[in-house]
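All values derive from a computational prediction rather than experimental measurement. Both backbone and side-chain heavy atoms feed into the values below; hydrogens, waters and symmetry mates do not.
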Amino acid sequence: MSTPQRAKARRTASRAFMVITVAWLVGVFGLIIAWLLAPGSLPEGQCSGLGFGCTLTPRDSIQFAGFFSALPVTIFWFIAGAIATSLLGRFSTLSWRWIALISLGICIASGVLAVGAVVILF
């Protein structure tokens, strides 16, 4: 592979990886907005907390789920995205938009698998 082709492959992969990063940031900001908008209390007559028949408030539930799933999803998301974009950028003739779309689908699938693994383990 000549130098101009390598540069084009790197440019294509970096553009596609930027799309993946922006999609991840949109998800993080969406989770933060959901946490901010969620009610911090339960209806009257229900106790909040863990155990003894009590339940978490919606705000605490989002925080609890984010605590257990944020790190695995982030790790799987970026590893799968880096592998997909680099391989597709190097060995395919697709435009960077298609590479980004395919890589984003792979990232979403790996994120779903990471959440499933967390649910199974805990």
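- Considering only residues two or more places apart in sequence or on other chains, L31 meets the side chain to side chain contact (heavy atoms under 4.5 Å, CB included) condition with I62.
- Note on V22 and W77: separate hydrophobic clusters, where clusters join Ile, Leu, Val, Met, Phe, Trp and Tyr whose side-chain heavy atoms are under 4.5 Å apart, directly or indirectly.
- Inter-residue side-chain proximity for F76 and L71 is flagged as unmet; no heavy-atom pair is nearer than 4.5 Å.
- Under the side-chain hydrogen bond (donor to acceptor under 3.5 Å, both in side chains) criterion, the residue pairs touching residues 19-38 are W24-T74, with sequence neighbours excluded.
- Through side-chain heavy atoms spaced under 4.5 Å, either directly or across other Ile, Leu, Val, Met, Phe, Trp or Tyr residues, L37 is tied to I33.
- Pairs passing the side-chain hydrogen bond (donor to acceptor under 3.5 Å, both in side chains) check and including a residue from residues 103-121, sequence neighbours excluded, do not occur.
- Taking hydrophobic clusters as Ile, Leu, Val, Met, Phe, Trp and Tyr residues chained together by side-chain heavy-atom distances below 4.5 Å, V26 does not share a cluster with M18.
- Summarising the hydrophobic clusters (Ile, Leu, Val, Met, Phe, Trp, Tyr; side-chain heavy atoms under 4.5 Å, direct or chained), the residues clustered with L101 are L88, L94, W98, I99, I102, I106.
- V118 and F78 fall into different hydrophobic clusters, defined by Ile, Leu, Val, Met, Phe, Trp and Tyr side-chain heavy atoms under 4.5 Å apart, directly or through other members.
- Listed by chain and residue number, F68 satisfy the ring-ring contact (aromatic ring centres under 6.0 Å, His included) test with F64 (two or more places apart in sequence, or in another chain).
- Formation of a donor-acceptor pair under 3.5 Å by the S92 side chain with backbone atoms of G89 is not found in this model.
- Legend: residues meeting side chain to side chain contact (heavy atoms under 4.5 Å, CB included) with F29, ordered by chain and number and at least two apart, are L25, I32.
- Within the structure, the side-chain hydrogen bond (donor to acceptor under 3.5 Å, both in side chains) test picks out the following pairs touching residues 55-71 (sequence neighbours left out): T57-D60.
- Cluster note: V19 groups with W96 through ILVMFWY side-chain heavy atoms spaced under 4.5 Å, whether in direct contact or through intervening members.
- With a 4.5 Å cut-off between side-chain heavy atoms of Ile, Leu, Val, Met, Phe, Trp and Tyr, the cluster of V115 takes in V73, V119.
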